[in-house]
Structure formats: structure tokens, C-alpha cells
Amino acid sequence: MDSAAPVLTIDGPSGSGKGTISRIVAQRLGWHYLDSGALYRAVGVAAGWADLDLDDGGALVRCTFDTVVAFREDGDGELRVLINGNDATDELRTETAGAAASAIAAIPEVRAALKDRQRAFRQLPGLVADGRDMGTVIFPDAARKVFLTASAEERAARRYKQLKDKGVSVTLDGLLREILARDARDASRAVAPLRPAEDAIRIDTTGLPIEDVVARVLDVVSRSAG
Ligand code: DC
């Protein structure tokens, strides 16, 4: 970690556009990118591979320590995620991995075990950190914080389109129910619940084209530069 490196935190619920926006903004700024959700998802996938019970907190904490997660860019500039050396990029994006990640993310020891791994991404020339508690817990001293929101219906519709494009069979209603359940779980957990940092700029992305959101986020960065 390099505490001199500037950090832009981008937090928000699933489907708020965080991932897409964070990647584009990181690319435009030439900064590093941390997809913190991928770390929780990776533990979820590794727990699935090991056939662990999602109610067995002790086993999940051990699994967190034992799971090596690496991010690599492939030839097309796509970020691949390797779990214990195996490419698990596609498996990471499944609803099963998301649900496992959400359950695992409620365990305080898992969150604590992942803290330093996340802070290690803070390197010059800067870091865009995407997640739920980037501005509140992991990088509370970041000078630039954004909280993205969007209506649950729009988030479900975005996810529906993404999954349909991939040929995954889902229903819009089912996705909306899952999103609402995950929001409630992420916002009500005792440790690091999903909430905006007090000094975060909130941007509602409902109905906004990606480019407009990117422009607003870059504006936050330029206003707090220096
Ligand atoms: O952003 P995502 O959908 O990839 O995140 C997957 C799950 O991980 C989500 O349900 C909440 C959890 N998570 C978290 O608790 N803290 C983070 N910083 C990132 C993700």
C-alpha cells in the first residue's frame, strides 16, 4: 500500500452501475482498479468448490485465508480472475456466486481477513475502489467518494439484460426479488452495512447513460484534486 496514492471510492448496491463506471473511470484516469466484490465472490466460489456449508462460519473464515485471488488482464484488456490459479471469471458472475458472497460478506472475520488485501491495491498513480464499504471502512481517508444508486426495478432490468445477453435463463421478477433480498441483507448486516459515507457524493443513475455518469464521477475527481 502507498498511502500517498489518491483513492476514489465508488460504493453502491448491485446493479447501480458501479462495476462498469469504476472500470471506465479507472481507465480514463490511468489508475489501478479494485473490484472488492470479486474478492467476496471468489471466497464464495472457493467455498462452493470445497462443498462448504454457508452456515459454517469457521470453515468460511479458514477458506478466506486459504483462497488466493489474482487479477490478470488478458490480451483483450478484459480482467480475468484466478482463484487458486484457476480462471473463475465466468463462474464469479453467476447468481450463485453473488448469493454466496453476500452470505459470506456478513461474517466479520471474513471482512477483517480481506481488509489488508484490499488496502494493498492502493498504489500510485491512484486507485478506483469499487464496493460497498470502500468509503466507510476500507479507505475512510479517501479524498474522493461517490455513492451510486438506481431504482431496484432499473437494477433488475440491467441485470436481466446482462444475463440474457450471456444466454442465461432468468425472469425479471425473480431478479427483482433477489436484488431486494440482497439489498436488505447488505444494508442490515451488523458489520460494514451498505450505506453512503457522510462525505460521499450521491449520484442516482436511474435513466442516465453511462457516459453521463462517468462525466459526473470524473467531475468529482477533478473538483477534489490536489
Ligand atoms: O458487487 P458484487 O455484486 O460483486 O458483490 C458481491 C457481494 O459481496 C455483495 O452481496 C456484497 C458483498 N460485498 C461486500 O460486502 N463488500 C464489498 N466491499 C463488496 C462486496
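Counting starts at 1 for both ligands and their atoms, in listed order.
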Which heavy atom in Thr89 sits nearest to a heavy atom in Leu79, and how many Å separate them? CG2-O, 3.7 Å
among protein heavy atoms, the one nearest atom 19 (C) of ligand 1 is Ser36 OG, 3.4 Å
Atoms of ligand 1, numbered as shown, that sit under 4.0 Å from any heavy atom of Ser102: 10 (O)
Is there a side-chain contact between Phe121 and Val7, using heavy atoms and a 4.5 Å cut-off? no
Got the closest protein heavy atom to atom 11 (C) of ligand 1, with its distance? Asp186 OD2, 3.5 Å
Ligand-side contact atoms (ligand 1) for residue partner Ala101, heavy atom cut-off under 4.0 Å: 6 (C), 7 (C), 8 (O)
Atoms of ligand 1 less than 4.0 Å from Arg41 heavy atoms? 2 (P), 3 (O), 4 (O), 6 (C)
Interfacing atoms of ligand 1 (cut-off 4.0 Å, heavy-atom, Arg182): 3 (O), 10 (O)
In sequence, state the C-alpha distance, the side-chain angles, and the governing distance for Arg155 and Asp183, and then conclude on side-chain contact (heavy atoms from CB on, under 4.5 Å). CA-CA 11 Å; Arg155 290 186 284 130; Asp183 278 1; 2.6 Å; yes
Quick check: is Val137 connected to Ile104 through a chain of hydrophobic side chains (ILVMFWY, heavy atoms under 4.5 Å apart)? yes
Which atoms of ligand 1 are found less than 4.0 Å from any heavy atom of Lys18? 1 (O)
Applying the side chain to side chain donor-acceptor pair (under 3.5 Å) test to Gln162, which of Arg159, Lys166, Lys164 qualifies? Arg159
Ion pair Asp35/Arg93, N-O distance below 4.0 Å: yes
Could you tell me whether some N/O pair between Ser14 and ligand 1 is separated by less than 3.5 angstrom? no
For ligand 1, which atoms, with element, lie under 4.0 Å from some heavy atom of Met134? 18 (N)
Looking only at protein heavy atoms, which one is nearest to atom 15 (O) of ligand 1, and what is the separation? Arg111 NH1, 2.8 Å
Is there a side-chain contact between Arg122 and Pro6 in this structure, where contact means two heavy atoms from C-beta onward sitting under 4.5 Å apart? no
Can you sort out which atoms of ligand 1 are near Ala105, meaning under 4.0 Å from one of its heavy atoms? 12 (C), 15 (O)
Output yes when the distance from some N or O of ligand 1 to some N or O of Arg132 is under 3.5 Å, and no in every other case. yes
closest protein heavy atom to atom 20 (C) of ligand 1 is Gly37 CA, 3.5 Å
So with a 6.0 Å cut-off around CZ of Arg117, is the heavy-atom count from everything else above 12? yes
Any salt bridge between Arg216 and Asp212, counting N to O under 4.0 Å? no
For the pair Arg28 and Glu211, find out whether any cationic side-chain nitrogen is under 4.0 Å from an anionic carboxylate oxygen. yes
For atom 8 (O) of ligand 1, closest protein heavy-atom neighbour: Tyr40 CB, 3.6 Å
Is it true that Arg185 lies under 4.0 Å from ligand 1, counting heavy atoms only? no
